[in-house]
Peer 1: 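One structure, pasted below without further comment.
Order of appearance sets the numbers: ligands from 1, and atoms from 1 within every ligand. None of the values given here were measured: they were computed from a predicted structure.
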Amino acid sequence: MKIAIAGSGALGCGFGYMMQKGGNEVTLLDFWEDHIQAIRENGLSITVNGKEDNITIPVGKPDEFNETFETVFIFTKSMGLRHMLEAIKHLLDENTKVVCLLNGLGHANTISKYVPKKNIIMGTTVWTGGLDAPGKTHFMGEGPVEVQNSDENEEAAARQVVQMMADCGLNGVYSSNVHFTTWRKACVNGTMNALCSLLDCNIKELFETAQIDQLNHNIVSEFSRVAETEGVQLDVEETINYLKTVAEKVGGHYPSMHQDLKNKRPTEIDFLNGVVAKESEINGFEAPYSKQITQLIHAKEDILGIKR
Ligand code: NAD
């Protein structure tokens with residue numbers, strides 16, 4: 001498959017590496033000049049599940065290319081999605097499938113401004129990654145990468161992407177309800193990411209506090225109410241139990257939002273708790289916890305001098 005990775009940070013490099021190793025023709029697209037330069041000069045250095053490797057892989061800014069791709073995987077941060085879609089318009093033809101595995105809510109709507117519904121494939125991933133330096137990343141996981149076609153007539157195309165990922169060791173899985181999976185993942189991020197960032201602790205420490213059950217209940221109840229307005233049934237108790245199983249698995253990990261603040265980078269809060277706060281107002285009810293958490297994270301960004 002001829003694939004472009006639009007946004008080649010931690011996850012983009014990880015997926016790009018696995019897909020190239022699996023026999024696909026992969027190009028990394030990014031805007032970060034030092035990163036592009038480092039990959040061009042020294043190859044992409046990557047550690048996957050503890051195993052180090054280095055590969056030569058095409059990389060550049062979107063405007064350096066003028067061919068079209070069969071499939072584009074988007075791996076920007078949520079706030080970079082629109083800018084990336086603008087930048088890659090010329091790399092898409094009428095059949096290019098665009099796969100989005102970003103955390104956060106509302107992305108299908110943004111993508112639909114640039115890509116016909118028949119070509120949009122949405123999903124979630126539980127693989128994780130990090131950037132150690134320009135051109136040097138790490139990538140970990142084994143869990144499912146779940147995707148589903150946005151247009152009901154395009155299941156075969158989504159299944160082809162699933163098969164390609166499975167062939168590359170990425171554990172591709174066809175989801176029959178990606179909307180639900182996306183909301184449930186948003187609950188993971190809307191609780192653990194936001195709370196660990198505000199409390200400056202890891203997930204294990206957060207789940208050992210006496211307050212965690214009440215905090216999770218407050219946040220998940222608000223997410224569940226907004227999800228319902230989109231036709232997604234998110235049972236509060238079941239979701240809280242799911243959070244506990246995730247927390248047990250990841251233990252002493254600091255979530256990505258905590259790392260973003262540590263590295264003085266803007267967070268994705270507006271696409272998580274921020275969406276819930278905003279959508280609640282639009283639908284005529286309140287989500288005070290989500291609103292407060294969004295404001296607190298923005299206040300933290302301001303204190304750290306992070307530009308949004
Ligand atoms: P990332 O921050 O590593 O990369 C995103 C973009 O930011 C890339 O284009 C990258 O080149 C650029 N970037 C990163 N550092 C930069 C710097 N110092 N200067 C200039 N540009 C820089 O993002 P990610 O962790 O790969 O996440 C992508 C999406 O996947 C997000 O929505 C995230 O929430 C989601 N996600 C991430 C993980 C994870 O473990 N990293 C897991 C699941 C989902």
Peer 1: Any idea which of Glu268, His83, Arg265 brings a heavy atom closest to atom 14 (C) of ligand 1?
Peer 2: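 Shortest heavy-atom distance from atom 14 (C) of ligand 1: Arg265.
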Peer 1: Can you confirm, on distance only, whether ligand 1 has an N/O atom lying under 3.5 Å from any N/O atom belonging to Leu11?
Peer 2: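 Yes.
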Peer 1: Short question: side chain of Lys244, backbone of Phe207 - any donor-acceptor pair under 3.5 Å?
Peer 2: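 Checking the backbone N and O of Phe207 against the side chain of Lys244, no donor-acceptor pair under 3.5 Å is found.
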Peer 1: Does either side chain, that of Asn149 or that of Tyr174, offer a donor lying less than 3.5 Å from an acceptor on the other one?
Peer 2: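 The answer is yes; a qualifying pair exists.
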Peer 1: Compute the shortest N/O to N/O distance between Gly7 and ligand 1 and return yes if it is under 3.5 Å, no if not.
Peer 2: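 So ligand 1 has no N or O lying under 3.5 Å from an N or O of Gly7.
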Peer 1: Backbone or side chain, does any N or O of Ser256 fall under 3.5 Å from an N or O of ligand 1?
Peer 2: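 It does not: no N or O of Ser256 is found under 3.5 Å from an N or O of ligand 1.
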Peer 1: Does any donor atom in the side chain of Asp63 or His90 lie under 3.5 Å from an acceptor atom in the other side chain?
Peer 2: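 Looking only at side-chain atoms, His90 and Asp63 do not form any donor-acceptor pair under 3.5 Å.
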Peer 1: Ala10 to ligand 1: N or O pair under 3.5 Å?
Peer 2: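 For ligand 1, there is an N or O atom that lies under 3.5 Å from one belonging to Ala10.
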Peer 1: Would you say the ring centers of Phe139 and Tyr17 fall short of 6.0 Å from each other?
Peer 2: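 Between Tyr17 and Phe139, which both carry aromatic rings, the centre distance is not below 6.0 Å.
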Peer 1: In terms of residue, atom name and distance, what is the protein heavy atom nearest to atom 19 (N) of ligand 1?
Peer 2: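 The closest heavy atom on the protein side is Trp32 CE2, 3.4 Å.
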Peer 1: Determine whether the side chains of Asn153 and Lys118 contain a donor N or O and an acceptor N or O closer than 3.5 Å.
Peer 2: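 There is no such pair (donor and acceptor under 3.5 Å, judged by atom type) between the side chains of Asn153 and Lys118.
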Peer 1: Regarding ligand 1, does Asp30 bring an N or O atom to under 3.5 Å of one of the ligand's N or O atoms?
Peer 2: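 Among all N and O atoms of Asp30, at least one is under 3.5 Å from an N or O of ligand 1.
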